[in-house]
Amino acid sequence: MTPHHRAPDDQDEPALLRDQFRQLLRYRYLLTCGVVVGLLGGGYLALGGEDAYTATGEVLVRSAISDPFAAGSTADKGINIGSERQTAVSDTVGTLAAGTLLKAGDDVTARKLLTGLQVTNPPNTLALRFSYTAATPEQARARAEALAGAYLAHRKARTEESIQNMSDGYRAQLGPLEEKRDLLEDQIGAGAEDDVSSARANIIVSISELSRKISELKALDTTPGYLNKKPVAPTAPTGAGLPLLLGLGGVVGLALGLLLSWVRLVFDPAVRSTRELVHSLGAPLLGTLPRERAAAGSLLAIGRGGSRLAEEYRAVAFRLAYDPSFAESRRLLVTAPRGDSTAAAAAAANLAAAFAEMGRDVLLVEADLRTPSLLRDLGSAAHGMRPPRWAAGEGDGNWPTGGRTNVDVPGSGAFALIPGTTVDNVPRALTSPPVGRIVAEADRPGNVVIVLAPPVLSYADAVALVDRVEGVMIVCDPREVHRSDLERIREIIGASGGSVLGALLHPGRGRLRRARRRAKPTRRRGDGGGPAATAEPDAPEDTGDPTETLGLRTFTLPTARR
């Protein structure tokens with residue numbers, strides 16, 4: 001309305017987040033579809049998949065030790081539990097386990113056997129947990145036990161092999177020393193000197209040390225570990241149950257729905273919030289009309305008791321009355337972006353009634369000469385009256401000099417209406433001198449002139465009137481108008497010398513109602529809003545092409561305001 005409206009604060013992050021969340025909730029059908037898909041997927045995984053059973057066994061790993069009861073002896077000397085876990089899932093262990101299972105009648109290859117195995121290490125322990133998943137409980141138990149046993153057998157064989165290799169190395173060192181000892185003994189018997197006796201004693205000490213090491217290796221406890229927990233056949237399938245899978249499916253589906261809504265929001269050309277509407281149009285939001293069931297055969301909400309719609313129209317009228325831009329000219333052009341003008345016509349009529357309540361002399365001009373319908377929609381509230389004195393001696397009786405209609409508003413007063421009629425040449429009628437004199441009536445004290453024009457982006461009729469009616473109010477459905485349309489309207493009206501006073505939002509109508517309304521044949525009224533008349537054969541056809549009115553306006557030098 002005024003140019004001093006507050007711009008949205010881009011740094012208000014909580015408000016922006018709330019606004020974006022509300023925008024996502026606009027696409028409830030996508031959110032619903034995502035949740036349904038997630039629930040169906042969770043139900044399919046729970047009911048359609050094969051049951052799997054998991055058996056678990058636990059092995060305590062220990063190293064070879066000579067005296068496990070000696071002070072300071074520990075079973076974890078030289079154990080790297082990470083390496084042991086890799087050994088447990090190696091092909092060697094798988095081959096040993098496959099051989100054991102083959103003897104029991106379970107013919108499975110080592111590679112296939114290892115696919116169901118999972119070996120984990122509980123924190124801060126030397127234990128390995130063997131978990132095997134199979135199709136049947138008994139198969140899971142047997143294979144888990146065979147793999148744990150194969151790991152212990154492989155580790156025991158590896159320890160014994162290491163002991164044997166070390167013993168063989170010590171024996172290889174012991175043989176030459178014994179031969180040298182025997183040679184020295186022969187020399188001592190022949191009367192050798194003292195240094196020979198000393199060398200013999202040293203060799204005997206070395207032989208004794210090697211023999212002691214061999215004896216210690218043979219005395220080692222080579223137990224590789226213990227099966228602390230023997231695998232047992234599970235009694236129930238493993239994995240998440242139906243309630244858990246449904247819950248997870250619902251959460252994943254909701255996330256999918258939010259993602260789809262966000263993508264739809266990014267590529268949606270429609271106005272997503274009032275912030276975007278104000279920013280694109282460059283004018284404030286005058287009001288938002290509530291959804292209300294209209295009375296049968298009545299376009300006016302003002303005059304009906306207890307109407308929230310009437311109160312909103314009154315609020316918009318008061319905002320306009322105290323706006324400096326409107327108060328200076330008291331002229332208002334009401335139009336829609338594109339489509340039909342039903343909502344704009346209702347807004348123009350109710351604003352005229354609201355200004356009449358304030359005691360203003362209101363003149364409502366229907367400048368929609370292509371599909372005029374305001375007189376019919378007002379019904380019995382409108383009745384004829386004389387044309388103004390200045391039009392009595394001029395014109396051919398066609399629009400706008402054909403006459404005026406008085407519209408009574410119950411309990412609020414009345415306003416004058418110049419109804420629209422179909423004419424042969426719309427551009428000539430809109431730019432005629434009588435239109436200028438009608439609009440100039442707003443210069444009288446206490447007068448207000450409201451002009452209803454066709455959609456500004458469908459025809460150039462509204463643009464042709466902007467130079468006479470500077471203030472423009474846009475009536476639109478926020479779910480159908482595009483941001484690019486609002487930006488274009490702002491540029492067109494600004495370039496034509498007018499200004500957008502604000503936007504009035506109305507609730508959208510159903511598609512069926514819009515299609516039914518468009519399908520109704522348009523009655524062509526004669527002069528003064530009389531009964532329907534048949535179009536003349538040579539009358540120009542109204543095709544709805546915006547280029548029909550591109551030559552509406554004649555550019556002249558600025559003159560003083562009439």
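Values reported hereafter were calculated over all heavy atoms of this structure, with side chains retained and with hydrogens, waters and symmetry mates removed. Start at 1 with the first residue, then count along the sequence.
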Within the 4.5 Å heavy-atom criterion, are Leu504 and Leu285 side-chain neighbours or not? no
For Glu138, is there any backbone N or O sitting under 3.5 Å from a side-chain donor or acceptor partner on Tyr53? no
Distance (rounded to the nearest 0.5 Å) between His154 NE2 and Thr159 OG1: 9.0 Å
Return the minimal non-hydrogen interatomic distance between Glu470 and Gly497, and the atom names on each side. CG-O, 4.4 Å
Could you grab the distance from atom OG of Ser280 to atom CZ of Arg483, nearest 0.5 Å is fine? 7.0 Å
Going through the checks in order, is the salt bridge (Lys or Arg N to Asp or Glu O under 4.0 Å) test met by Arg158 and Glu161? CA-CA 5 Å; Arg158 189 176 58 183; Glu161 183 180 358; over 6 Å; no
Can you name the nearest heavy-atom pair linking Leu177 to Gln173, along with the distance? CG-O, 3.5 Å
For the side chain of Arg85 and the backbone of Val119, is there at least one donor-acceptor N/O pair under 3.5 Å apart? yes
What is the distance from atom OG of Ser208 to atom CD1 of Ile203, rounded to the nearest 0.5 Å? 11.5 Å
One pair to check against side chain to side chain contact (heavy atoms under 4.5 Å, CB included): Leu289 and Tyr313. What are the steps and the verdict? CA-CA 8 Å; Leu289 301 179; Tyr313 279 126; 3.3 Å; yes
Determine the minimum heavy-atom distance between Leu246 and Gly43, stating which atoms define it. CD2-N, 3.7 Å
Between Lys156 and Thr222, is any side-chain donor less than 3.5 angstrom from a side-chain acceptor? yes
Tell me, with the steps shown, if Ser211 and Leu174 meet side chain to side chain contact (heavy atoms under 4.5 Å, CB included). CA-CA 8 Å; Ser211 299; Leu174 188 60; 4.0 Å; yes
Could you tell me whether the side chain of Glu312 reaches within less than 4.5 Å of the side chain of Pro290, counting heavy atoms only? yes
Tell me whether Glu145 is salt-bridged to Arg141, with the criterion being a basic N under 4.0 Å from an acidic carboxylate O. yes
To the nearest 0.5 Å, what is the distance between CG on Leu260 and CG on Leu265? 12.5 Å
Determine whether more than 12 heavy atoms belonging to other residues, nucleotides or ligands lie under 6.0 Å from atom NZ of Lys229. no
Walk me through whether Asp477 and Leu505 qualify under side chain to side chain contact (heavy atoms under 4.5 Å, CB included). CA-CA 6 Å; Asp477 181 1; Leu505 304 182; over 6 Å; no
Could you check if a side-chain atom of Val61 sits within less than 4.5 angstrom of a side-chain atom of Pro224, using non-hydrogen atoms only? no
For Arg171, does the CZ atom sit with more than 12 other heavy atoms under 6.0 Å from it, leaving out its own atoms? yes
So, do Pro455 and Pro337 sit near enough that their side-chain heavy atoms are less than 4.5 Å apart? no
Are side-chain N/O atoms of Glu84 and Tyr151 paired as donor and acceptor at under 3.5 Å? yes
Is a donor on one side and an acceptor on the other found under 3.5 Å between the side chain of Ser341 and the backbone of Ala344? no
Contact between Arg62 and Tyr226 at the side-chain level, heavy atoms closer than 4.5 Å - yes or no? yes
Shortest non-hydrogen contact between Gly57 and Pro231, atoms and distance: CA-CG, 3.7 Å
Quick one, Arg488 with Ile492, criterion side chain to side chain contact (heavy atoms under 4.5 Å, CB included). Give me CA distance, side-chain angles, the key distance, then yes/no. CA-CA 6 Å; Arg488 185 182 173 194; Ile492 291 175; 3.8 Å; yes
If you measure from CG on Asn350 to OG on Ser307, what distance do you get to the nearest 0.5 Å? 8.0 Å
If you define the side chain from C-beta out and look only at heavy atoms, does anything of Val475 sit under 4.5 Å from Thr335? no
Could you tell me which non-hydrogen atom of Val108 sits nearest to which non-hydrogen atom of Ala98, and how far apart they are? O-CB, 3.5 Å
Side-chain donor/acceptor of Asn121 to backbone N/O of Thr125, under 3.5 Å: yes
How are the rings of Phe318 and Tyr322 set to each other: parallel, tilted or perpendicular (split at 30° and 60°)? parallel
Quick one: are Leu501 and Ile474 in side-chain contact, heavy atoms under 4.5 Å? no
Hey, what do you get for CG (Leu39) to CG (Leu248), rounding to the nearest 0.5 Å? 11.0 Å
Can a salt bridge be assigned to the pair Glu487 and Arg490 using a cut-off of 4.0 Å between side-chain N and carboxylate O? no
Are the side chains of Thr56 and Phe130 in contact, using a 4.5 Å heavy-atom criterion? no
Just by distance, with hydrogens left out, do Thr133 and Thr54 show a side-chain donor and acceptor under 3.5 Å apart? yes
